[in-house]
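A short worksheet on the structure shown next.
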2 protein chains.
Amino acid sequence: MPATIYDVAKKAGVSIATVSRVLNKKDNVSEETKQRVMDAIEELNYVPNMIASALMTKKMSTLSLLIPDVINPFFSEIARGVEDAANNYNYNVIVCNTDYDLKKEAVYLNLLKQKSVDGFIVASAIYNDKNVYDLIKQDYPLVLLGREIDGIEKNTRTDVIVSNDICGGYQATKHLIELGHRKIDLILGPKEIKVNRDREKGYRKALRDHGIAVDKNRIHNGRFKIEFGCSKALEILRKKEQPTAIFAGNDIIAIGVLRAAKSLGYDVPGDLSVVGYDNTILAEIADPPLTTINQQMYKMGYMAAEMLIKRLKGDKKPAQRVIFETKLVVRKSTAKPR
Amino acid sequence: MPATIYDVAKKAGVSIATVSRVLNKKDNVSEETKQRVMDAIEELNYVPNMIASALMTKKMSTLSLLIPDVINPFFSEIARGVEDAANNYNYNVIVCNTDYDLKKEAVYLNLLKQKSVDGFIVASAIYNDKNVYDLIKQDYPLVLLGREIDGIEKNTRTDVIVSNDICGGYQATKHLIELGHRKIDLILGPKEIKVNRDREKGYRKALRDHGIAVDKNRIHNGRFKIEFGCSKALEILRKKEQPTAIFAGNDIIAIGVLRAAKSLGYDVPGDLSVVGYDNTILAEIADPPLTTINQQMYKMGYMAAEMLIKRLKGDKKPAQRVIFETKLVVRKSTAKPR
DNA sequence: GTGAAAGCGCTAACAA
DNA sequence: TTGTTAGCGCTTTCAC
């Protein structure tokens, strides 16, 4: 049986209120009794029970992070950022893998609410997510990461952290155009995920700005999986109107494209230029190393946790909307078309 | 203010004890009152407060996972396995990044104990970790993953899940020897991490078994970082007694070796064969794709969580020690020496 | 089958 | 500065 506050009080010859005071670093305790209490705590190896205190205070110093999948390097970097910030403030983080599944997400949220986690960071970017609307409506402390929700009233305290994906899409496409490419296919993840719509917007704008007609048949949606990137690229490269470049919705899809090109005996970037998105470790390691769009995953995660914790500590300023800028990173997977 | 059990009781016209009974699915409640309670719960949108119940039961349905770094694909796969198993049993998992830092680990453990997490999975494999000894001594539910602790008494309930790293080291080295290599350098992670000692043992045994003298100067310890793999490989490849093959302690180091080889204009596997370890996604994507030793990270994580939860649910069988087998995966980074 | 009441280990008025 | 006491929202005997 672990020692309780009563044991400490008895040993120190004070009341439990006094023990509680020194535990919570209230100043109205004399140095002398404080010392006695500290000694008692030491001797008894006393560890305060946070469950008991949370029953009154409702504070568990625990955040929850909802992401589609930790294995995806994009999200594991976010997770690390969140955890580092949380740890910095003595918070812990419960990590949940939603697999882009709204039902799974709902089950998680329900369980987490029961556990009185202090706040939520939702980074599993599904469009029009009813779960998120509910969280907002019920006024749970919440930060949205890499996603937005339309129609949030301005008076919520829900902060939003996003990347400028329209710009990212633009940068990638512009890079290819400036190299001389005109036939550029776009292979994106699911339409339901907003970033894909934005990257497509950027792609379209870049084409328009350079007087190139947008060909709907060159725009493809699917999943953020190597296999999808590979099979879709195979399909595209076997068609008549072959592109000279492919802009992939993320590094994972780009890896799939690379694989497809290799299997068809294409040289990248000689026969085909490929641009990824995210600048995860995968882009660095790929063969050839991928030209890609950098996103600041770690920083975004760190900031999300920090903003959330500040709100938990009473920050009352109106909801923020932070936009992280993207950057083109040129490696070896892009070149002039033959 | 969220509804409490009292509100439900009042609305249903029963006592809180009865509400508690239906909440916990005790059978001694008549169908009729049960229905009334359920209706009240529904109407009030009542969500039970787990903190309150945990104060009595000491069960929070939360595990904690300590790993060095989620960004490392080896550990993110473990984390995913742990989380999937936990989720399957309606548990959540708090993920902590220790960075192989014993002090950081101690701080985490202390905080987690306060939070009454139900059990611990420690996968940050530091040798002779006092924190782990303490956990065991204090009889906390614990599963050790990918590490072992010497001198655990047999009567603890601490399960251990490990990979057969001696065998893995042997398989990798044997593969190189059978290709015809005789000068094989070994670039490992830190000595303090047991897996490195075991992989070295396997390496030594393979050499001995094939009548090749072990040259201590060919064995190097450092960090599980790309930069270390790269700089150490550069150093090695510039020496007189150049190896024809390098066996890296994990895929990350191997990626560094690949980078070094490339920067020196070496062809892999033509001029140098490289073997990695873990078979993470990085091995698949690397250029050339890495020959490596497969470890079953996801399964190990899944099993760790499952064993822990079973113990929490009262499983009293003596501590288990599960060994996962490794497997050589041949890709394109190894070939006969010139 | 159901209810009353005593905790679980703390925090936070309120008194002293 | 310190102590007393009433909760926080549940679970769990023990009666009935």
Side-chain angles (χ1 to χ4, degrees), chain A residues 1-41 44-62 110-118 314, chain B residues 1-41 44-62 110-118 314:
Chain A
M1 276 294 97
T4 72
I5 202 171
Y6 285 93
D7 303 320
V8 176
K10 193 182 289 174
K11 172 145 258 165
V14 297
S15 73
I16 58 163
T18 300
V19 177
S20 176
R21 284 187 191 104
V22 344
L23 249 28
N24 296 293
K25 305 195 198 310
K26 312 261 184 188
D27 45 351
N28 48 353
V29 183
S30 75
E31 262 314 313
E32 191 225 315
T33 48
K34 185 175 174 178
Q35 196 52 56
R36 283 220 312 283
V37 170
M38 306 269 271
D39 292 346
I41 288 174
L44 292 170
N45 232 311
Y46 168 72
V47 176
N49 181 330
M50 227 160 158
I51 299 290
S53 90
L55 195 51
M56 284 280 345
T57 63
K58 265 91 185 92
K59 292 183 206 313
M60 273 296 279
S61 304
T62 305
N110 198 42
L111 190 54
L112 293 166
K113 285 177 188 173
Q114 295 186 28
K115 291 188 183 178
S116 304
V117 299
D118 304 47
Chain B
M1 277 292 98
T4 72
I5 201 172
Y6 285 94
D7 302 321
V8 176
K10 192 183 289 175
K11 172 145 259 164
V14 296
S15 72
I16 59 165
T18 300
V19 177
S20 177
R21 285 187 190 104
V22 344
L23 248 29
N24 297 294
K25 308 195 196 311
K26 312 263 185 188
D27 44 351
N28 48 353
V29 182
S30 74
E31 261 315 311
E32 191 226 316
T33 48
K34 185 173 174 179
Q35 197 51 55
R36 283 220 311 283
V37 171
M38 306 270 269
D39 291 347
I41 288 175
L44 292 170
N45 231 310
Y46 168 72
V47 177
N49 180 330
M50 229 161 156
I51 299 289
S53 89
L55 194 52
M56 284 280 345
T57 64
K58 265 92 184 95
K59 293 183 205 312
M60 274 296 280
S61 305
T62 305
N110 198 41
L111 190 53
L112 293 166
K113 284 176 188 172
Q114 295 186 29
K115 291 189 183 179
S116 302
V117 300
D118 304 44

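The sequence lines fix the lettering, A, B, ..., with proteins before strands; numbering per chain opens at 1. Just so you know, these numbers use all the heavy atoms, side chains as well, and skip hydrogens, waters and symmetry mates.
Near DNA chain C, meaning a heavy atom under 4.0 Å from it, residues 19-26 of chain A has A:S20, A:R21, A:N24, A:K26 in order of number.
In the set D:dT1, D:dG9, D:dG7, D:dG9 carries the atom at the smallest distance from any side-chain atom of A:L55. Side-chain atoms of A:N49 lie closest to C:dC10 of the nucleotides C:dC10, D:dG3, D:dT2. Among the nucleotides D:dG9, D:dT11, C:dC8, the one closest to any side-chain atom of B:K58 is C:dC8. Counting only heavy atoms from C-beta on, A:V14 has its side chain closest to D:dG3 among C:dG9, D:dG3, D:dG9.
In this structure, B:N49 contributes its side chain and B:I51 its backbone to a donor-acceptor pair below 3.5 Å. In this structure, the side chain of B:R36 engages the main chain of B:A12 through a donor-acceptor pair within 3.5 Å.
The CE atom of A:M60 sits 13 Å away from the C1' atom of C:dC10 (whole-angstrom rounding). What separates CE of B:M56 from P of C:dG9 is a distance of 8 Å, to the nearest Å. The distance from atom CD1 of B:I16 to atom P of D:dG9 is 12 Å, rounded to the nearest whole Å. Note: OH (B:Y6) to P (C:dA4) measures 11 Å, nearest angstrom. The NZ atom of B:K115 sits 17 Å away from the C1' atom of C:dG9 (whole-angstrom rounding). Separating the CD1 atom of B:I5 from the P atom of D:dG9 is a distance of 11 Å, rounded to the nearest angstrom. Rounding to whole angstrom units, CD1 of residue A:I41 and P of C:dG9 are separated by 16 Å. In this structure, B:N28 places its CG atom 12 Å from P of C:dG3, rounding to the nearest Å.
Between A:T33 and D:dT2 there is a side-chain polar atom (N or O) within less than 4.0 angstrom of OP1 or OP2. Listed pair B:S53 / D:dG9 fails the phosphate criterion, with no side-chain N or O lying under 4.0 Å from OP1 or OP2. At the phosphate of C:dG3, OP1 or OP2 sits under 4.0 Å from a side-chain N or O atom of B:T18. Between A:S15 and D:dG3 there is a side-chain N or O to OP1 or OP2 distance below 4.0 Å. Taking side-chain N and O atoms only, A:Y46 has a distance below 4.0 Å to OP1 or OP2 of C:dC10. Between B:T57 and D:dT11 there is no side-chain polar atom (N or O) within less than 4.0 angstrom of OP1 or OP2.
At the heavy-atom level, A:I51 lies nowhere under 4.0 Å from the strands shown.
A:M50 approaches B:K115 most closely through the heavy-atom pair SD-CG, 3.6 Å. When all heavy atoms are compared, the tightest approach of B:D118 to B:K58 is OD2-O, 4.5 Å. Across A:V47 and B:Q114, no two heavy atoms sit closer than the pair CG1-CG, 3.3 Å.
Each of A:V8, A:T4, A:D7 was evaluated against A:V19; a single residue qualifies, A:V8, per the side chain to side chain contact (heavy atoms under 4.5 Å, CB included) test.
Looking at A:I5 and A:S20, their side chains come closer than 4.5 Å, going by heavy atoms from C-beta outward. Residues B:E32 and B:Q35 are not in side-chain contact: their nearest non-hydrogen atoms beyond the backbone lie 4.5 Å or more apart. When side chains are defined from C-beta on, B:L23 counts as touching B:I41, because their heavy atoms get closer than 4.5 Å.
Taking the nucleotide of DNA chain C with the nearest heavy atom to each of B:A52 and B:V29, the more 5' of the two is matched to B:V29.
Five base pairs at each end of the helix from C:dG1-D:dC16 to C:dA16-D:dT1 define two local axes, and these are offset by 40° (rounded to 10°).
In this structure, CE on A:M38 lies 8.5 Å from CD on A:E31, to the nearest 0.5 angstrom.
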